[in-house]
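Heads up: the structure comes next, in structure tokens.
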Number of protein chains: 2
Amino acid sequence: MDPTAAEIEQAVLAFEAFLREKRLKMTDQRRTMVRVVLDKRGHFTADELNRKLVADGESVSMATLYRALALLEEAGLLEGHDFADGQRRYERALHREHHDHMICVDCRAVIEFTNERIEELQEEVVRRHGFSMHDHSLTLFVKCDEWHGTGACARRAKIEASQQASQG
Amino acid sequence: MDPTAAEIEQAVLAFEAFLREKRLKMTDQRRTMVRVVLDKRGHFTADELNRKLVADGESVSMATLYRALALLEEAGLLEGHDFADGQRRYERALHREHHDHMICVDCRAVIEFTNERIEELQEEVVRRHGFSMHDHSLTLFVKCDEWHGTGACARRAKIEASQQASQG
DNA sequence: ATATCTGCAAATGTTTTGCACTTTT
DNA sequence: AAAAGTGCAAAACATTTGCAGATAT
């Protein structure tokens, strides 16, 4: 499920090709970011990525980080989302099928899902208006523990623990 | 389609009831905002609302405006959306059926649509996960003139003109 | 060589907040 | 009188930008 080391190096090369085509340059900072970003599971903010880089002893300035995030997104290695909380979130686009998101309004957990029929219907709506689809964003804001009646969000601790375990 | 004067006054009373229940107070500024907001067609930002109020000679400070927007949303008179461009947008919730949005990535035109089947499928997804739906947001980012091949967005002028005409 | 990068600090733009004063209840 | 609201200016916040010096091609 996670990209192998070889796949990550391949992505570094792909990014280099992308940069070359735009007459931009590959740098140590950008290489580092490709590697760290592709290694990351789940969604992360610019700030979270920065903290990871600092922890790894490979920090780059926020300016450079933001500039690189934009390029990585443009190169298709990263996908950005707006979940309406004032911070853009990213996830790697390698080894990931298209999916939509459910967010728990209590604990902010992100749960992914796909529904082929919904995708088709969206396409149909756009087509019927004579437009073409550029992108789409479907986010369901849910309460993930309402039916457990605990008041606090029962899944929160579990989700955080498993993310930490898998993340390092 | 637009609320009548009577309906707007009714909404003022409803807002007053909402405030009373929360032990908050009705003020001139809040009354003004209810009226202006319910009179507004389409989507607007805090800044656009402010300009309208200034133009009407009934301006309130941005601090008060933001505080009131939050209350109006809470009271269900207003609906807020995040279209991923850094500014929250609002629309009146009176006389409005639920709908989703298509945004032209070129001209930022907002086109509304509904699709009952998509709604049902969303509910089903949430139910299948054992959650309950709190809210949902479906936004399709489209190119509205791609098939007209003009390069510039053919509908933009038309849309802006008709919004101005209907808005005053 | 020269165009692009980086990091810093400063700017940006929207939204929020602390506070002294005013208004509603 | 007490509780809440207002406007102002300042703060907060994520993100962007100008610029001088560093680096990749």
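Lettering of chains follows the sequences in order, A, B, ..., and the numbering in each one begins at 1. These values consider heavy atoms only, across backbone and side chains, with no hydrogens, waters or symmetry-generated copies.
Note on A:R23: every side-chain N or O is 4.0 Å or more away from OP1 and OP2 of C:dT4. OP1 or OP2 of C:dT16 has not a single side-chain nitrogen or oxygen of B:Y66 nearer than 4.0 Å.
Comparing B:M62 and B:K22 by the nucleotide of DNA chain D whose heavy atom lies nearest to each, the residue mapping closer to the 5' end is B:K22. Between B:A46 and B:M26, the residue anchored nearer the 5' end of DNA chain C, judged by the nucleotide with its closest heavy atom, is B:A46.
A donor-acceptor pair under 3.5 Å links the side-chain atoms of B:N115 to the main chain of B:R117, judged by distance alone. Looking at B:R92, its side chain never comes within 3.5 Å of a backbone N or O of B:G42 through a donor-acceptor pair. Using a distance-only test at 3.5 Å, with no hydrogens or angles considered, no donor-acceptor pair links the side chain of B:R89 to the main chain of B:F83.
Spacing between atom CG of B:L65 and atom C1' of C:dT16 amounts to 13 Å, rounded to whole angstrom units. If you measure from atom CG of A:L19 to atom P of C:dA3, you get 18 Å, rounded to the nearest angstrom. Atom CZ of A:R31 and atom C1' of C:dT6 are 15 Å apart (whole Å). Between the CG atom of A:D28 and the P atom of C:dT6 there is a distance of 9 Å, rounded to whole Å.
The stretch residues 72-91 of chain A has no heavy atom under 4.0 Å from DNA chain C, so no residue of it qualifies as close.
Side-chain heavy atoms closer than 4.5 Å link hydrophobic residues (I, L, V, M, F, W, Y) into clusters, and following such links, even through other members, never connects A:V110 to A:F44.
No side-chain donor from either of A:E48 and A:H43 sits under 3.5 Å from a side-chain acceptor of the other. A side-chain N or O of A:H99 and one of A:E91 form a donor-acceptor pair less than 3.5 Å apart.
Classified by interplanar angle (parallel below 30°, tilted 30° to 60°, perpendicular above 60°), the ring pair A:H101/A:H81 is perpendicular.
Looking at the side chain of A:R67, the nearest of the listed nucleotides C:dG18, C:dC5, C:dC8 is C:dC8.
Each of A:L72, A:V12, A:L24 was checked for a side chain to side chain contact (heavy atoms under 4.5 Å, CB included) with A:R30, and the lone residue meeting it is A:L24.
Inter-residue side-chain proximity for B:H136 and A:L140 is flagged as met; some heavy-atom pair is nearer than 4.5 Å.
In summary, contact between chain A and DNA chain D, defined as any nucleotide atom under 4.0 Å from a heavy atom of the protein, begins and ends at D:dA14 to D:dT25 in the 5' to 3' direction.
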